[in-house]
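Report on the structure given below.
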Amino acid sequence: MKFPYGFLLAALFAFPAMSDTPTPQPPPYSLPDPLKMQDGTPVTTPKMWRSKRRPELISLFENEIYGKTLVGKPDKLRFVLREEKKDARDGKATRLRVGILFGGREDGKQMELLVYLPNNVKGRVPLFLGLNFDGNYTTTSEPDIPLPTHWVNGLFANKPADHKPTEAGRGIHSYMFPYDLILSRGYGFATACYGEVEPDEKDRWKDGPRSLGPQPGANDWGAIGAWSWALSRALDYLQTNKRVDSKRVAVFGFSRLGKTAMWTGARDERFAMIISQNSGKGGVSLSKRLVGEPVEHLAGRLGHWFAPNYAKYAKNEAALPVDGHQLAALIAPRPLLILSGLEDKWSDPEGEFLGGANADAVYRLLGTDGISTKIWPAPQTLISSTIGYYLRPGKHDVTLEDWQATLNFADKHLRK
Ligand code: GCU
């Protein structure tokens, strides 16, 4: 048959809009069923999920992705109150600075937790907890937060030489931490710097909690595991604070710290709600959907975040035994909010949505409403089912708009 060039030309002229570049579709992929045991046995009851499938998935994530966390809560863990300022933020908040001393010593491994508690609320408050990239002093312009001396990243800030914090960084990330808004809605807030826990560089495990136990071997924790462990220690502290409702602590994180928040929520069921801020691949986004960052990149230059085994899946995502949807399923039945940026192609925002959507069956088995849509929602539409989703126009970032969506979601799920 002759090729119908005439028709093709006519079609081009008739539908000029169709000449716009269509969104490329990923090659076909298949996802492992969260409700099927590795040997194929279907998981049909909440009890079977809890006693069989959940532990099986946790050990797959430990062995193949993040590594095993070798140290629990240290016996010597100690909390020291370094400051209590009752009239912080124009009287709106009580501000605490708490040293979390991993080995009990002021001169040892530690992190400082910056805590805000709203003064206009009596009794215990729900609270958001997350790590920051560049030091607590970058999250607020308050001049009396000490300039830290620990390693900071600088990636999203002023790129300080040798990763040493400088005054120029003060408040530089305050737009990502809208404290006054969060406090005015009756929530507390706590943050610490991941670089104080363990510097984000290859071979720095000796400088962080991974050195508190046996030397990590082939399947043992990477840096994400170490940062995640620190979030659990922050919750240990929050459980001792009488103003905090420790049964209503939400853990959040942006980007690599979003991957960390997801793994923390999966591992530590004390967290009541999980917020993924652009956690991308290696987080809630589906790696098997070959859009955005490949495993080769994560397991290569960023390999220190993960278990060494993860490298097996470079250029071989199809072989991954687990993906973002199973990480999301490990959070069930607790509320999970997935925040994406429309232009954040590297994280694959649609893949982040699908990570949540494909955890739906587990959420429903456990008696929740799962996710209310299976179709990637339009920007600026908050999906507020137990698996929630919000797509912000714009790039890889966290803005006021993300926090507004988060607070609306939390009002529904964290306060009940
Ligand atoms: C890199 C990395 C991402 C990660 C991001 C971040 O871009 O490839 O996986 O989320 O850094 O943490 O900022």
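Both counts, for ligands and for their atoms, begin at 1 and track the order of listing.
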Heavy atom under 4.0 Å from ligand 1: found in [X]'s side chain, backbone, both, or neither?
X      : value
Asn278 : neither
Leu257 : neither
Phe254 : neither

Looking only at protein heavy atoms, which one is nearest to [atom], and what is the separation?
atom                    : result
atom 11 (O) of ligand 1 : Arg256 NH2, 3.1 Å
atom 7 (O) of ligand 1  : Trp346 NE1, 3.2 Å
atom 10 (O) of ligand 1 : Ser255 OG, 2.8 Å

I'd like to know if [X] pairs up with [Y] as an ion pair, taking the criterion as any Lys NZ or Arg NE/NH1/NH2 lying under 4.0 Å from an Asp or Glu carboxylate oxygen.
X      : Y      : value
Asp245 : Arg415 : no
Glu269 : Arg54  : yes
Glu64  : Lys312 : yes

Interatomic spacing from CZ in Phe128 to CZ in Arg248 - rounded to 0.5 Å: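 Reported value, rounded in 0.5 Å steps: 11.0 Å.
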Would you mind listing which atoms of ligand 1 come within a distance below 4.0 Å of any non-hydrogen atom of [X]?
X      : value
Glu293 : 2 (C), 3 (C), 8 (O), 9 (O)
Leu298 : 9 (O)
His297 : 8 (O)
Leu302 : 2 (C), 8 (O)

Ligand 1 contacted by Lys259 (non-hydrogen, < 4.0 Å):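 Checking ligand 1 against Lys259, which is what was asked, there is a heavy-atom contact under 4.0 Å.
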Asp144, CG: over 12 other non-hydrogen atoms inside 6.0 angstrom: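 Yes, because the 6.0 Å sphere around CG of Asp144 holds more than 12 heavy atoms from other groups.
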Ring center gap for Phe252 and Trp403 short of 6.0 angstrom: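 Ring centroids of Phe252 and Trp403 are less than 6.0 Å from each other.
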Side chains of His173 and Asn132, donor plus acceptor under 3.5 Å: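 Absent: no donor and acceptor within the cut-off.
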Lys109 versus Ser211, side-chain donor and acceptor atoms under 3.5 Å: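 There is such a pair between these side chains.
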